[in-house]
Amino acid sequence: MAAEPQPKALTRKPLLLNKVEGSQEVVNMAAIVPKEDGVISVSEDRTVRVWLKRDSGQYWPSIYHAMPSPCSCMSFNPETRRLSIGLDNGTISEFILSEDYNKMTLVKSYQAHQSRVMMILFVLEMEWVLSTGQDKHFTWHCSESGQRLGGYRTSAGACGLQFDVETRHVFVGDHSGQVTILKLEQESCSLVTTFKGHTGGVTALCWDPIQRVLFSGSSDHSIIMWDIGGRKGTAIELQGHNDKVQSLSYAHHTRQLISCGADGGIVVWNMDVERQETPEWLDSDSCQKCDQPFFWNFKQMWDSKKIGLRQHHCRKCGKAVCGKCSSKRSSIPLMGFEFEVRVCDSCHESITDEERAPTATFHDSKHNIVHVHFDATRGWLLTSGTDKVIKLWDMTPVVS
C-alpha cells in the first residue's frame, strides 16, 4: 500500500559531511572503510574505486580498477581486507586490499551464476561466500578454494540476502515477495520455511541477531518486521515511504532501523517500543458499523431498497466499513502508520494523543538511493544513488 504524505520532519536531522563524485554510471553499492577516512564503491561503469580523504577535505580515488563487466554488488571484510565483488556476467572476483588502501590484488575469480549477481556476503567465520543471482539461484562457495559448495533454486531472482552465524540460517528475499529460510551445512542445505507478506518483490533484508528479528523492504513501499526468534509468527508492518524501499540497516546499540528508498527518503524507526500487528481485514457483504449493503450485495440492496456502497477497511480494527462510517483519518505509529490512514469513526475517537506520537523521523537525502551502509562506531551513513553520487552523513543527531 502506497504511503500518503509524510509527517513533517523533526528539527534534528542528519548532517551531510561530504559528497563523493566521479562515477560515470550508477553506484550500485558503497561501504565506509572502518577506522579510515575512506570509501569503497562499485559501479555500473565497471569500476571499483577506493576513495581516501585528502588534506583538502575531498575524497580522491587511491584505487581505480576496471572490471570486465559492470559491478553489481560487493562485500567488504575489514578484518581481512577481503573485497568480494559480484559482476553483471555472473562472476565473483575476490581481492585483498593493502594496509594503506592504495593497492588491490586479485586472489581468485569464479563463475557463481549464469547471469547478474544480485547480492553477495562474505562470512569470515565459515570462510563462505554467499550470493544470489538473476538466474534464480542462491549459491555458496568456499572463499579459500573458490569451490562451489551448494545451491538452491529460488522462486524468482533475489536481491535480499542475510546470514545468521549462530544457527547457519540464510535468509533469501526474492522478487516474488517471498522470503526463504535455509539451513546451511558444509556441502548441503535444507529448507526451513518460506513466508510471504508483501504485495511486491522483496528488495532488501536486514537481520538483527540479538533480538532475532528480520526486516524486509519491498517494492510495495512497505517494511515488515518478522519475529523469527519469538516463534509466534508475529509480523509488524512499517509504512513510511512513497516509493520502493531500496536498502535497510540496523543500529543494534540504539535499536533503530534505518530505511532508504527510491523516493530519496531516509527514515529512522525507533524499534525500542511495543509495536502492534496490523489486523486482518474482515470480509463482509455490508458495513459492519451501519449495516448498509456493499454494491455487490444485490439481495440486501433489493430487500432494503438501498443503493450499494463501496467497501473500505479501518486500519486499526480491520472491520469492513462504508465511506460515511470511516470519514476520519489518523496516524497510528505503533502499528507502523506514521502518516494518516483511514480509520472508522469509533476507532478515531479511541486513539489518544499519546498513541499518535511519532516513532520515526523522516529526512530527505535529495537523491534516489539504491544502497546504504551504516558505520555504528562513528554514526556515519553512506548513501549511493542513481545520480552517480555517494553521500556521507553524520547520523548522530537522529541515531542516538
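Only a predicted model underlies this, so the values are computations on that prediction, with no experimental measurement involved. Keep in mind that the numbers below use all heavy atoms, side chains included, and drop hydrogens, waters and symmetry copies. In what follows, residues are counted from 1 in the order of the sequence shown.
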Could you give the side-chain donor-acceptor pairs of residues 16-27 under 3.5 Å, partners two or more places apart or in another chain?
residue	atom	partner	partner atom	Å
Asn18	ND2	Gly57	O	2.9
Gln24	NE2	Gly22	O	3.1

What is the minimum heavy-atom distance between [X] and [Y], and which atoms define it?
X: Val39; Y: Ala30; value: CG1-CB, 4.3 Å
X: Ala360; Y: Trp269; value: CB-CE3, 3.7 Å
X: Ser84; Y: Phe122; value: OG-CB, 4.2 Å
X: Ser247; Y: Val372; value: OG-N, 3.1 Å
X: Ser143; Y: Trp128; value: OG-N, 4.2 Å
X: His141; Y: Gly146; value: CD2-O, 3.4 Å

Inset, instruction - Check whether the side chains of Tyr110 and Gln147 place a donor and an acceptor atom closer than 3.5 Å, and report yes or no. - result: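 Absent: no donor and acceptor within the cut-off.
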
Legend entry - Polar side chain donor-acceptor pair, Glu338 to Thr359, under 3.5 angstrom: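 There is such a pair between these side chains.
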
Does [X] use its side chain to pair, donor to acceptor, with the backbone of [Y] at less than 3.5 Å?
X: Arg356; Y: Ser330; result: no
X: Asp135; Y: Gln114; result: yes
X: Glu277; Y: Ala235; result: yes
X: Ser72; Y: Val117; result: yes
X: Arg315; Y: His313; result: yes
X: Asn28; Y: Cys71; result: yes
X: Ser365; Y: Gly264; result: yes

Inset, instruction - Would you indicate whether the side-chain heavy atoms of Leu130 and Leu184 approach each other to under 4.5 Å? - result: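 Yes, side chains in contact.
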
Inset, instruction - Return the orientation label for the Phe294 and Trp296 ring planes: parallel under 30°, perpendicular over 60°, tilted otherwise. - result: tilted

Inset, instruction - Report the relative orientation of the aromatic rings in Phe195 and Trp226; use parallel for angles under 30°, tilted for 30 to 60°, perpendicular for over 60°. - result: tilted

Once you round to the nearest 0.5 Å, how far does [atom1] of [X] lie from [atom2] of [Y]?
X: Cys344; Y: Lys328; atom1: SG; atom2: NZ; value: 10.5 Å
X: His137; Y: Met118; atom1: NE2; atom2: CE; value: 15.0 Å
X: Ser219; Y: His175; atom1: OG; atom2: NE2; value: 8.0 Å
X: His221; Y: Gln239; atom1: NE2; atom2: CD; value: 9.5 Å
X: Thr132; Y: Asp174; atom1: OG1; atom2: CG; value: 9.5 Å
X: Asp263; Y: Gln246; atom1: CG; atom2: CD; value: 9.0 Å

Inset, instruction - Go through the steps to decide whether Ile228 and His169 satisfy the test side-chain contact (heavy atoms from CB on, under 4.5 Å), and finish with yes or no. - result: CA-CA 11 Å; Ile228 305 296; His169 285 165; 6.0 Å; no

Inset, instruction - Among Leu87, Ile92, Thr91, find the one that has a side-chain contact (heavy atoms from CB on, under 4.5 Å) with Gln111. - result: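 Going through Leu87, Ile92, Thr91 one by one, the side-chain contact (heavy atoms from CB on, under 4.5 Å) with Gln111 is satisfied by Thr91 alone.
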
Inset, instruction - Quickly, which of Phe374, Trp207, Phe215 forms a side-chain contact (heavy atoms from CB on, under 4.5 Å) with Leu248? Name it, please. - result: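 Among Phe374, Trp207, Phe215, the one meeting side-chain contact (heavy atoms from CB on, under 4.5 Å) with Leu248 is Phe215.
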
Just wondering, are more than 12 heavy atoms of other shown residues or ligands nearer than 6.0 Å to [atom1] in [X]?
X: Lys108; atom1: NZ; answer: yes
X: Glu354; atom1: CD; answer: no
X: Asp100; atom1: CG; answer: yes

Inset, instruction - Test side-chain contact (heavy atoms from CB on, under 4.5 Å) on Thr254 and Asp272 and set out the steps. - result: CA-CA 8 Å; Thr254 59; Asp272 196 21; over 6 Å; no

Inset, instruction - Using a strict cut-off of less than 4.0 Å between a Lys/Arg side-chain nitrogen and an Asp/Glu carboxylate oxygen, indicate whether Arg49 and Asp45 qualify as a salt bridge. - result: yes

Inset, instruction - Give the intermediate values and the outcome of side-chain contact (heavy atoms from CB on, under 4.5 Å) for residues Val268 and Met395. - result: CA-CA 10 Å; Val268 180; Met395 296 296 289; 3.8 Å; yes

Legend entry - With Thr383, the side chain to side chain donor-acceptor pair (under 3.5 Å) member among Lys366, His371, His367: His367

Legend entry - Same apolar cluster (I L V M F W Y, side chains within < 4.5 Å links), Val370/Leu121: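 Result: no, two separate clusters.
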
Inset, instruction - Report whether Phe76 and Val107 are members of the same hydrophobic cluster (ILVMFWY, side-chain heavy atoms less than 4.5 Å apart, transitive linking). - result: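 No, it is not one cluster - the side chains of Phe76 and Val107 are not joined through contacts under 4.5 Å.
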
Inset, instruction - Starting from the C-alpha separation in whole Å, work towards a yes-or-no answer on side-chain contact (heavy atoms from CB on, under 4.5 Å) for Lys289 and Asp345. - result: CA-CA 9 Å; Lys289 292 293 182 180; Asp345 293 354; over 6 Å; no

Inset, instruction - Start with the C-alpha distance between Arg212 and Asp164, add both sets of side-chain angles, then the distance that settles salt bridge (charged side-chain N to carboxylate O under 4.0 Å, His left out), and finish with yes or no. - result: CA-CA 9 Å; Arg212 305 203 68 74; Asp164 182 57; 2.9 Å; yes

